[in-house]
**Student:** 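Take a look at this one; I'll ask things after.
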Amino acid sequence: MHIVVCVKQVPDTKIIKINPKTNTLDRRSAPAILNPYDAHAVQEAVKIKKKTGGTVSVLSMGPPQATAVIKKSIEIGADQGFLITDRAFAGADTLATSYALSKALERISKEEPVDMVICGKHAIDGDTGQVGPGIARRLDVPPVTNVIEVTEVNEQEKTVVIKRKLTNGYELIQSQMPCLLTVEKEINDIEYSPMPNMIKAARYDPIIWAVSDLEDVDRSQLGLKGSPTIVGKMFTPPRPEGGKKLEGSADEQVNQLIEILLEKKDLFTLQSSK
Ligand SMILES: Cc1cc2nc3c(=O)[nH]c(=O)nc-3n(C[C@H](O)[C@H](O)[C@H](O)COP(=O)(O)OP(=O)(O)OC[C@H]3O[C@@H](n4cnc5c(N)ncnc54)[C@H](O)[C@@H]3O)c2cc1C
């Protein structure tokens with residue numbers, strides 16, 4: 001069983017500041033971290049490997065500093081990590097990102113066939129949730145999104161049973177492998193890393209590939225050139241104005257509320273018998 005987890009380095013959005021003049025993220029204002037959903041994806045891959053045996057690889061596209069998220073993944077229990085880094089990848093939107101990652105996955109698969117790719121549900125900075133399904137489409141494998149449990153893995157039959165989160169509950173589905181999962185945070189709890197993993201991570205050097213290390217790459221589909229997305233405008237949304245607090249007894253408050261609703265009746269097309 002070979003599982004590859006796609007991991008992205010992101011700024012910690014709990015801390016990051018927005019430059020009020022340019023309205024862009026000030027990436028220097030926050031530390032770079034492993035995308036939290038991807039940490040859960042690595043943890044799940046390690047959990048599956050404990051049952052089935054095999055290899056857990058991680059793959060990232062980013063600048064050279066993104067080796068940090070690969071080391072973090074080794075700490076969680078991944079066996080090896082690949083970083084694709086090249087100026088040609090810079091400025092990639094989700095289309096170009098999924099193209100580059102799928103080319104790297106093809107190369108990894110040549111060395112050891114991949115049974116399952118796991119991505120996070122979304123990256124906390126870009127937040128589109130498009131990269132996982134994009135990779136699945138390019139590799140022509142089934143995408144299974146919003147996964148909250150990997151219930152069963154049958155290596156002989158090459159099938160996997162998965163619990164998916166829906167708006168009003170969940171569904172259990174069976175998929176062929178190879179497949180691609182995108183996982184929710186509730187799929188598992190991140191465990192403390194044992195000391196040997198931490199030592200291994202500290203000494204680990206990821207395998208680094210440039211575009212020239214990948215096969216059959218159409219360079220026009222990479223980076224900014226391969227990115228049709230245009231960011232029209234970036235801005236900090238204005239804070240919504242505070243609501244009105246109603247005072248008095250319950251009856252008085254209900255009467256005040258009716259007055260307010262009647263004033264706004266055009267908005268609500270409210271019919272009143274008052
Ligand atoms: C015109 C344009 C230029 C851009 N230029 C840059 C740039 O120069 N640098 C930059 O960082 N961003 C850039 N971005 C943002 C970039 O498009 C997204 O961050 C990136 O494509 C991933 O999309 P997302 O963050 O929405 O990921 P999502 O689709 O929300 O991520 C889902 C999952 O996909 C996987 N994944 C996503 N990205 C990666 C990755 N890089 N490596 C491994 N796994 C991944 C992870 O498992 C993640 O949990 C640019 C965007 C546009 C529109």
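As the structure lists them, so they are numbered: ligands from 1, and atoms in each ligand from 1. Any value given below was found using the heavy atoms of this structure, including those in side chains, with hydrogens, waters and symmetry copies removed.
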**Student:** Kindly confirm or rule out a cation-pi arrangement of Lys163 over Tyr170, judged by NZ or CZ under 6.0 Å from the six-membered ring centre and within 45° of its axis?
**Tutor:**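 The answer is yes; both the distance and angle limits are met.
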**Student:** So, is Ile118 polar-close to ligand 1, with some N/O to N/O distance under 3.5 Å?
**Tutor:**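 Among all N and O atoms of Ile118, none is under 3.5 Å from an N or O of ligand 1.
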**Student:** Considering distance alone, does some N or O of Lys121 sit under 3.5 Å from an N or O of ligand 1?
**Tutor:**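 There is no such contact.
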**Student:** Ligand 1 and Leu101, any nitrogen or oxygen pair closer than 3.5 angstrom?
**Tutor:**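 So ligand 1 has no N or O lying under 3.5 Å from an N or O of Leu101.
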**Student:** Below 4.0 Å, non-hydrogen atoms only: which portion of Asp38 touches ligand 1? Side chain, backbone, both or neither.
**Tutor:**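 The answer is the side chain of Asp38.
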**Student:** Applying a 4.0 Å heavy-atom criterion (strictly less than), which segment of Val10 is in contact with ligand 1: side chain, backbone, both, or neither?
**Tutor:**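 For Val10, there is no contact with ligand 1 at all, from either part.
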**Student:** Answer yes or no for atom 26 (O) of ligand 1: protein heavy atom present at a distance under 4.0 Å?
**Tutor:**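 Within 4.0 Å: yes, protein heavy atom nearby.
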**Student:** For Gly129, is at least one N or O under 3.5 Å away from an N or O on ligand 1?
**Tutor:**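 Indeed, backbone or side chain, Gly129 has an N or O that close.
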**Student:** Please tabulate, for side-chain N and O atoms in residues 245-252, each donor-acceptor pair with protein atoms closer than 3.5 Å (sequence neighbours left out).
**Tutor:**
from, atom 1, to, atom 2, distance (Å)
Ser249, OG, Glu252, N, 3.2
Glu252, OE1, Ser249, N, 2.9

**Student:** Leu59: heavy atom below 4.0 Å from ligand 1, yes or no?
**Tutor:**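 Distance cut 4.0 Å: Leu59 passes for ligand 1.
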**Student:** Any protein heavy atom under 4.0 Å from atom 1 (C) of ligand 1?
**Tutor:**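 Given the 4.0 Å cut-off, atom 1 (C) of ligand 1 counts as touching protein heavy atoms.
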**Student:** Between Arg107 and Glu111, is there a salt bridge with N-O shorter than 4.0 Å?
**Tutor:**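 Yes, charged N to carboxylate O under 4.0 Å.
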**Student:** Determine if the distance from atom 11 (O) of ligand 1 to the closest protein heavy atom is below 4.0 Å.
**Tutor:**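 There is no protein heavy atom less than 4.0 Å from atom 11 (O) of ligand 1.
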**Student:** So, does Ala92 sit close enough to ligand 1 that a heavy atom of it is under 4.0 Å from the ligand?
**Tutor:**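 Yes.
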**Student:** Does ligand 1 have any atom sitting under 4.0 Å from a heavy atom of Ser227?
**Tutor:**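 It does not; every heavy atom stays at 4.0 Å or beyond.
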**Student:** Numbering the atoms of ligand 1 from 1, which are under 4.0 Å from a heavy atom of Val7?
**Tutor:**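 Under 4.0 Å from Val7, ligand 1 has these atoms: 42 (N), 43 (C), 44 (N).
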**Student:** Evaluate Tyr37 for polar contact with ligand 1, using N/O atom pairs at a separation under 3.5 Å.
**Tutor:**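 For ligand 1, there is no N or O atom that lies under 3.5 Å from one belonging to Tyr37.
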**Student:** Does any N/O atom on Val231 come nearer than 3.5 Å to any N/O atom on ligand 1?
**Tutor:**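 Among all N and O atoms of Val231, none is under 3.5 Å from an N or O of ligand 1.
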**Student:** Under 3.5 Å, N or O to N or O, is Cys119 touching ligand 1 that way?
**Tutor:**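 No.
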**Student:** Would you check the N or O atoms of Asn35, main chain and side chain alike, for any that come under 3.5 Å of an N or O of ligand 1?
**Tutor:**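 Yes.
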**Student:** Test of understanding: clusters of I, L, V, M, F, W, Y form through side-chain heavy atoms closer than 4.5 Å, transitively. Do Val69 and Val5 belong to the same one?
**Tutor:**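 Yes, Val69 and Val5 fall within the same hydrophobic cluster.
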